[in-house]
Amino acid sequence: MRLELTQRSDLGLQALHVIARSPQQIVSGPEIASAINVSAPYLGTIMGPLVRAGWVRSFTGPTGGYRLTAMLSERSVLDLVEAMEGEVDRDSCMHSDPMQEVNEPCALHDPWTRARNALLDTLAKTMLTDVLELDETTDPPI
């Protein structure tokens with residue numbers, strides 16, 4: 001996928017923040033939906049990728065909800081983007097046109113590649129606990 005931060009990634013970050021405030025407890029779907037201002041049905045779209053990535057565990061039933069399973073102190077912003085949006089495309093030229101066969105990279109290929117790599121490196125080094133202003137005590141017990 002192209003590198004972009006979508007509303008879904010932002011809402012995933014917000015949902016993680018809500019759950020991380022109670023790392024050893026199950027937080028109900030309606031509570032998370034209310035906190036991040038989305039409908040309960042849409043919450044599944046946000047939580048699905050986080051569950052599939054193993055960052056949270058979902059529980060069904062009347063006392064169901066979500067509980068943090070990932071160590072957010074070991075997860076980066078880039079990890080979140082890729083969990084929510086898919087793996088970032090690190091190879092394509094910024095000026096790629098699927099209708100045009102390109103034998104040589106465009107004139108901006110090298111500076112674009114350097115800028116993209118610098119951004120990805122920064123996102124990979126930025127831990128979610130730093131972005132969410134959480135300390136490591138929010139990590140779930142091992």
Side-chain angles (χ1 to χ4, degrees), residues 1-100 102 104-142:
M1 84 110 210
R2 293 179 53 181
L3 177 59
E4 57 186 343
L5 299 175
T6 66
Q7 181 181 25
R8 189 165 84 156
S9 292
D10 180 52
L11 291 170
L13 180 66
Q14 291 179 49
L16 284 173
H17 192 218
V18 172
I19 297 168
R21 289 184 287 196
S22 304
Q24 299 177 22
Q25 298 177 11
I26 296 172
V27 182
S28 75
E31 181 180 342
I32 299 167
S34 175
I36 67 173
N37 200 29
V38 299
S39 67
Y42 188 67
L43 182 65
T45 303
I46 303 305
M47 299 307 295
L50 297 173
V51 170
R52 285 189 294 281
W55 291 31
V56 297
R57 181 171 173 204
S58 65
F59 297 86
T60 58
T63 60
Y66 300 90
R67 184 173 65 207
L68 188 65
T69 56
M71 304 285 282
L72 296 185
S73 62
E74 297 176 1
R75 306 295 172 140
S76 70
V77 173
L78 181 59
D79 293 334
L80 174 67
V81 170
E82 290 189 323
M84 297 300 294
E85 308 296 338
E87 189 174 342
V88 172
D89 179 359
R90 291 167 167 80
D91 299 319
S92 68
C93 183
M94 70 167 282
H95 190 53
S96 62
D97 180 355
M99 301 301 291
Q100 178 182 0
V102 179
E104 295 182 21
C106 73
L108 294 176
H109 182 78
D110 289 337
W112 174 254
T113 299
R114 285 191 305 274
R116 177 180 50 210
N117 290 342
L119 174 61
L120 292 174
D121 186 50
T122 299
L123 294 176
K125 290 178 180 176
T126 305
M127 296 297 110
L128 291 176
T129 48
D130 297 330
V131 172
L132 296 173
E133 297 180 351
L134 301 169
D135 60 39
E136 293 183 14
T137 63
T138 60
D139 284 336
I142 296 175

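Please read these numbers as outputs of a predicted model, since none were measured by experiment.
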Are Leu80 and Val131 close enough that some pair of their side-chain heavy atoms sits under 4.5 Å apart? no
Between Leu128 and His17, is any pair of side-chain heavy atoms under 4.5 Å apart?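 Result no, sub-4.5 Å side-chain heavy-atom pair not found.
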What's the separation between atom [atom1] in [X] and atom [atom2] in [Y], rounded to the nearest 0.5 Å?
{"X": "Arg52", "Y": "Leu50", "atom1": "CZ", "atom2": "CG", "answer": "9.0 Å"}
{"X": "Thr45", "Y": "Met47", "atom1": "OG1", "atom2": "CE", "answer": "11.5 Å"}
{"X": "Met127", "Y": "Met71", "atom1": "CE", "atom2": "CE", "answer": "12.5 Å"}
{"X": "Leu11", "Y": "Met84", "atom1": "CG", "atom2": "CE", "answer": "7.5 Å"}
{"X": "Leu68", "Y": "Arg21", "atom1": "CG", "atom2": "CZ", "answer": "12.5 Å"}
{"X": "Leu78", "Y": "Leu120", "atom1": "CG", "atom2": "CG", "answer": "6.0 Å"}

Minimal non-hydrogen separation, Ser76 against Ala124, with atom names: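 Ser76 and Ala124 have their closest heavy atoms at CB-O, 3.2 Å.
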Taking salt bridge (charged side-chain N to carboxylate O under 4.0 Å, His left out) as the definition, give me every residue that meets it alongside Asp130, ordered by chain and number, with sequence neighbours left out.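 None.
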Verdict with supporting geometry, Tyr66 and Val18, side chain to side chain contact (heavy atoms under 4.5 Å, CB included): CA-CA 10 Å; Tyr66 300 90; Val18 172; over 6 Å; no
Identify each donor-acceptor pair in which a side-chain atom of residues 26-44 lies under 3.5 Å from a protein atom, sequence neighbours left out, and give them as a table.
from	atom 1	to	atom 2	distance (Å)
Ser28	OG	Glu31	N	3.1
Ser39	OG	Tyr42	N	3.2

Check the pair Ile46, Arg8 against side chain to side chain contact (heavy atoms under 4.5 Å, CB included), reporting the backbone distance first and the verdict last. CA-CA 6 Å; Ile46 303 305; Arg8 189 165 84 156; 3.7 Å; yes
Establish, from distance only, whether the side-chain atoms of Thr113 and Asp110 form a donor-acceptor pair under 3.5 Å.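 There is no such pair between these side chains.
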Is the CZ atom of Arg75 crowded by more than 12 outside heavy atoms at less than 6.0 Å?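 Count over threshold, so yes.
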